[in-house]
Protein chains: 2
Amino acid sequence: MFIELDFESDIPIYMQLVHAIIEGIATRELKPGDELPPVRTLAADLGVNMLTVNKAYQHLKQLGFIQIHRKKGAVINSDEMRQADDEFYERLLTSLRPLAMESICRRLTKNQFLTLCSKIFDEIELKGGKC
Amino acid sequence: MFIELDFESDIPIYMQLVHAIIEGIATRELKPGDELPPVRTLAADLGVNMLTVNKAYQHLKQLGFIQIHRKKGAVINSDEMRQADDEFYERLLTSLRPLAMESICRRLTKNQFLTLCSKIFDEIELKGGKC
DNA sequence: TATTTGTTATACATATAATATAACAAATAA
DNA sequence: TTATTTGTTATATTATATGTATAACAAATA
């Protein structure tokens with residue numbers, strides 16, 4: 001799995017890692033039971049610190065995407081472990097609302113916005129995601 | 001215009017302010033030509049520092065939502081000043097993609113996601129937004 | 001028992017967020 | 001002209017977040 005980091009981005013490295021791994025899960029490149037690389041290995045591959053990778057793994061664990069075993073390392077959870085619960089729903093709303101607001105200010109219509117979202121999902125489906 | 005801040009949120013206060021004012025513009029509560037309160041006044045009303053409000057205004061200026069005059073203060077720009085340019089489009093994509101990815105992981109379907117977005121726009125329209 | 005793995009602990013550097021205060025500079029109203 | 005209002009800039013301080021470097025610890029397992 002290829003992960004590209006942008007060290008200039010205002011998005012923290014550990015969050016870029018979280019996003020990349022979630023993308024891997026969404027596109028089925030990472031399947032339930034698959035093991036992520038050890039923190040030291042991935043850190044070395046990406047040229048970042050071990051603790052930065054660890055922070056990303058902890059995040060993914062907290063979000064329910066992986067489980068962490070002492071020796072096996074980080075393992076992708078089964079689909080059932082990842083639900084669209086109220087917490088996620090709330091987070092989604094909190095993220096989407098400001099985007100919708102600014103879109104309206106910039107006279108991007110509801111339909112244009114929905115079309116854009118639709119295209120994003122289509123792209124993910126092309127990569128293997130089941131939408 | 002009523003602004004509620006969450007001092008516990010992980011979203012910086014100045015960004016919450018930016019969002020609140022953009023929401024005001026989207027819902028037409030703030031119209032082109034309207035003046036925002038002086039930084040000192042708004043800061044005192046909200047119980048935050050002057051520089052925090054100033055930071056929010058600078059952001060809004062950089063995003064093209066307001067213009068700042070020495071004596072008149074911050075004035076809402078005309079609609080034409082706020083376009084859905086490439087920069088915004090890119091920012092929108094960068095924000096939406098991770099949300100779509102995580103949604104798919106949590107088996108929220110494309111249609112469910114689009115329905116949620118649609119509802120958000122409907123709510124904004126109820127408040128006066130033209131979508 | 002040695003190895004691999006995540007975890008924890010220090011220490012450090014840098015950047016961001018937010019505050020507190022004061023002084024500066026421009027526009028405008030008296 | 002002068003005082004007021006406004007944003008701006010400058011210092012200083014505090015707290016938190018991000019990221020690095022290194023070392024030691026602890027559990028699972030080969």
Side-chain angles (χ1 to χ4, degrees), chain A residues 1 3-21 30 33-77 81 91 94 98, chain B residues 1 3-21 30 33-77 81 91 94 98:
Chain A
M1 187 192 179
I3 295 177
E4 196 177 10
L5 296 177
D6 177 3
F7 292 92
E8 310 298 313
S9 169
D10 54 339
I11 300 170
I13 297 175
Y14 78 93
M15 279 307 297
Q16 293 184 45
L17 257 173
V18 166
H19 289 158
I21 290 166
L30 293 171
D34 282 0
E35 291 175 12
L36 296 178
V39 288
R40 289 171 179 80
T41 308
L42 186 52
D45 285 354
L46 298 174
V48 300
N49 190 272
M50 191 182 55
L51 297 183
T52 303
V53 176
N54 187 259
K55 198 169 181 180
Y57 283 10
Q58 289 300 331
H59 243 263
L60 289 164
K61 175 184 170 189
Q62 206 270 321
L63 290 172
F65 286 108
I66 63 174
Q67 269 183 334
I68 302 181
H69 297 83
R70 273 283 162 165
K71 189 64 191 296
K72 277 186 277 183
V75 183
I76 308 293
N77 264 336
M81 294 293 295
R91 190 152 49 82
T94 307
Chain B
M1 188 193 177
I3 295 178
E4 195 178 9
L5 297 177
D6 177 3
F7 292 92
E8 309 298 314
S9 169
D10 54 337
I11 301 170
I13 296 175
Y14 78 93
M15 279 307 298
Q16 293 185 45
L17 256 173
V18 167
H19 289 158
I21 290 165
L30 293 172
D34 283 359
E35 293 175 12
L36 295 179
V39 288
R40 289 170 180 81
T41 308
L42 187 51
D45 285 355
L46 298 174
V48 300
N49 191 273
M50 189 181 60
L51 295 183
T52 303
V53 176
N54 187 259
K55 198 170 181 180
Y57 283 11
Q58 290 300 330
H59 243 264
L60 288 164
K61 175 184 170 189
Q62 206 271 320
L63 290 172
F65 286 108
I66 64 174
Q67 268 183 335
I68 301 181
H69 298 82
R70 272 287 162 162
K71 189 65 191 297
K72 276 186 278 181
V75 182
I76 308 293
N77 263 336
M81 294 294 293
R91 189 150 52 80
T94 306

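Keep in mind the model is a prediction, meaning the values are calculated, not measured. Each chain gets a letter, A, B and so on, in the order its sequence line appears, and its residues count up from 1.
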Gap separating the [atom1] atom of [X] from the [atom2] atom of [Y], nearest 0.5 angstrom:
X: B/Leu17; Y: B/Asn54; atom1: CG; atom2: CG; answer: 11.5 Å
X: B/Glu35; Y: B/Ile66; atom1: CD; atom2: CD1; answer: 11.5 Å
X: B/Thr94; Y: A/His19; atom1: OG1; atom2: NE2; answer: 10.5 Å

Atom-pair distance ([atom1] on [X]; [atom2] on [N]), nearest Å:
X: B/Lys55; N: C/dA18; atom1: NZ; atom2: C1'; result: 8 Å
X: B/Gln67; N: D/dT8; atom1: CD; atom2: P; result: 12 Å
X: B/Leu60; N: D/dG7; atom1: CG; atom2: C1'; result: 15 Å
X: A/Asn49; N: C/dG6; atom1: CG; atom2: C1'; result: 14 Å
X: B/Tyr57; N: D/dT9; atom1: OH; atom2: C1'; result: 18 Å
X: A/Asn54; N: D/dA17; atom1: CG; atom2: P; result: 17 Å
X: A/Ile11; N: C/dA15; atom1: CD1; atom2: P; result: 19 Å
X: A/Ile13; N: C/dT14; atom1: CD1; atom2: P; result: 16 Å

- Message: So B/Leu51, base contact, sugar-phosphate only, or nothing? Heavy-atom distance under 4.0 Å.
- Response: base

Looking at side-chain heavy atoms only, is the closest gap between [X] and [Y] below 4.5 Å?
X: A/Phe7; Y: A/Val48; answer: yes
X: B/Met15; Y: B/His59; answer: yes
X: B/Ile13; Y: B/Asn49; answer: no
X: A/Leu36; Y: A/Leu42; answer: no
X: A/Phe65; Y: A/Ile21; answer: no
X: B/Lys55; Y: B/Val18; answer: no
X: B/Thr41; Y: B/Val53; answer: no

- Message: Heavy atoms within less than 4.0 Å of DNA chain C: which residues of residues 37-47 of chain B have one? Give them sorted by number.
- Response: B/Arg40

- Query: Is there a donor-acceptor contact under 3.5 Å from the side chain of B/Asp34 to the main chain of B/Ile76?
  - Reply: no

- For the pair A/Gln16 (side chain) and A/Asp6 (backbone), establish whether a donor and an acceptor sit closer than 3.5 Å, ignoring hydrogens and angles. yes

Residue-phosphate contact under 4.0 Å: [X] side-chain N/O, [N] OP1/OP2:
X: A/Tyr14; N: D/dT18; value: yes
X: A/Thr52; N: D/dT18; value: no
X: A/Gln58; N: C/dT7; value: yes

- Query: Where each pair must be Watson-Crick or G-U wobble with both distances under 3.5 Å, what dot-bracket representation of DNA chain D is obtained, with crossing pairs in [ ] and other-strand partners as |?
  - Reply: ||||||||||||||||||||||||||||||

- Hey, which of these two, B/Leu36 or A/Phe7, hits DNA chain D nearer its 5' end, going by closest nucleotide? B/Leu36

What nitrogen or oxygen pairs link the protein and nucleotides 28-30 of chain D at under 3.5 Å?
none

